[in-house]
Amino acid sequence: MIKTESAYKKALEKLQEDKDFIQKQRKVLADMDLTKEQVEKALQPAITFHEQLKEEVIYYERIKRGEFEPIINFHNLGKSLIAYRIYLGLSQQELAERLDVSASQISRDERNEYYGATLERLQQVMEAMQMIAKTEIQSENLLMA
């Protein structure tokens, strides 16, 4: 998951590098008289990594616009906290200052997507970002409909 603007910019550069590499390799492999299927099979790992990075970039761009995924049974809560920080334009350092903790603590929390954090800690993070969570209880059957 891309968590900082600098990581986002590096990801954009990497996407372009990957795209160029794949195009060049496709030509090299075709010049070796490989079939189209053989070329695609040889490039599949590079293409897969490229697509995965592209999905991360798309997700980062969505959260920058304020488009968040729903949190169901607290799954993805940590990911949503990170997304909201990004949406607000706060760096990890700025959030750390609001919480009076070290930036390395925020980095560690985000690396683990707040897994194992106490409810009190999660509440402090939310308050530091002036974030309000709304909980709605539904039957699992309604959720699947």
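Remember, it's a predicted structure, so these values are computed and weren't measured experimentally. Along the sequence shown, residues carry numbers from 1.
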In terms of hydrophobic clustering (I, L, V, M, F, W, Y; side-chain heavy atoms under 4.5 Å; direct or indirect links), are [X] and [Y] co-clustered?
X	Y	value
L122	F74	yes
L12	M1	yes
L119	M131	yes
L95	Y115	no

Self-check item: Which residues share a ring pair (Phe, Tyr, Trp, His ring centres under 6.0 Å) with F68, sequence neighbours left out
Solution: Y84, Y87

Quiz item: Got a sec, which residues hit ring pair (Phe, Tyr, Trp, His ring centres under 6.0 Å) with Y60, two or more places apart in sequence or on another chain?
Solution: Y8

Self-check item: Closest contact, heavy atoms only, Q93 versus A103
Solution: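 Distance-wise, the nearest heavy atoms are OE1-CB, 3.2 Å.
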
Quiz item: What pair of heavy atoms forms the shortest contact from T4 to I2, and how long is it?
Solution: O-CG2, 3.6 Å

Does the side chain of [X] reach to within under 4.5 Å of the side chain of [Y], using non-hydrogen atoms?
X	Y	answer
I82	R85	yes
I132	M126	no
E94	R98	no
D18	K14	yes
K79	Y59	yes

Quiz item: Taking it one step at a time, do L81 and M129 satisfy side chain to side chain contact (heavy atoms under 4.5 Å, CB included)?
Solution: CA-CA 9 Å; L81 291 174; M129 295 190 291; 4.1 Å; yes

Quiz item: Hey, what else clusters with I22 if you join Ile, Leu, Val, Met, Phe, Trp, Tyr whenever side-chain heavy atoms sit under 4.5 Å?
Solution: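 Answer for I22: F21, V28, L29, M32, L34, V39, L43, I47.
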
Quiz item: Apart from I58 itself, what residues make up its hydrophobic cluster when side-chain heavy atoms of I, L, V, M, F, W and Y under 4.5 Å apart count as a link, directly or indirectly?
Solution: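 Traced through the cluster, I58 reaches no other member.
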
Practice problem: Give, for atom CZ of R111 and atom CD of Q92, the distance between the pair rounded to the nearest 0.5 Å. | Solution: 9.0 Å

Quiz item: Can you tell me how far the CD1 atom of I63 sits from the CD1 atom of I86, to the nearest 0.5 Å?
Solution: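 That separation rounds to 3.5 Å.
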
Quiz item: Partners of K27 by side-chain contact (heavy atoms from CB on, under 4.5 Å), sequence neighbours excluded?
Solution: D31

Exercise. Please list, chain by chain and in numerical order, all residues satisfying side-chain contact (heavy atoms from CB on, under 4.5 Å) with Q105, sequence neighbours excluded.
Key: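 For Q105, the residues satisfying side-chain contact (heavy atoms from CB on, under 4.5 Å) (neighbours in sequence not counted) are V101, S102, R108, D109, R121.
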
Quiz item: Hey, are Q123 and E127 close enough side-chain-wise for a donor-acceptor pair under 3.5 Å?
Solution: yes

Exercise. Apply the test side chain to side chain donor-acceptor pair (under 3.5 Å) to residues Q44 and T48: give CA-CA distance (whole Å), side-chain angles for both, the deciding distance (0.1 Å), then the verdict.
Key: CA-CA 6 Å; Q44 193 56 51; T48 299; 3.1 Å; yes

Quiz prompt | Salt bridge flag under 4.0 Å for residues K54 and E51 | solution =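 Yes.
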
Self-check item: Evaluation steps, side chain to side chain contact (heavy atoms under 4.5 Å, CB included), between E67 and E61
Solution: CA-CA 9 Å; E67 299 172 16; E61 290 170 345; over 6 Å; no

Quiz prompt | Verdict with supporting geometry, E13 and Q16, side chain to side chain contact (heavy atoms under 4.5 Å, CB included) | solution = CA-CA 5 Å; E13 290 172 10; Q16 188 58 51; 6.0 Å; no

Practice problem: Using atom types as modelled and distance alone, determine if a side-chain donor or acceptor of E40 lies under 3.5 Å from a backbone N or O of E37. | Solution: no

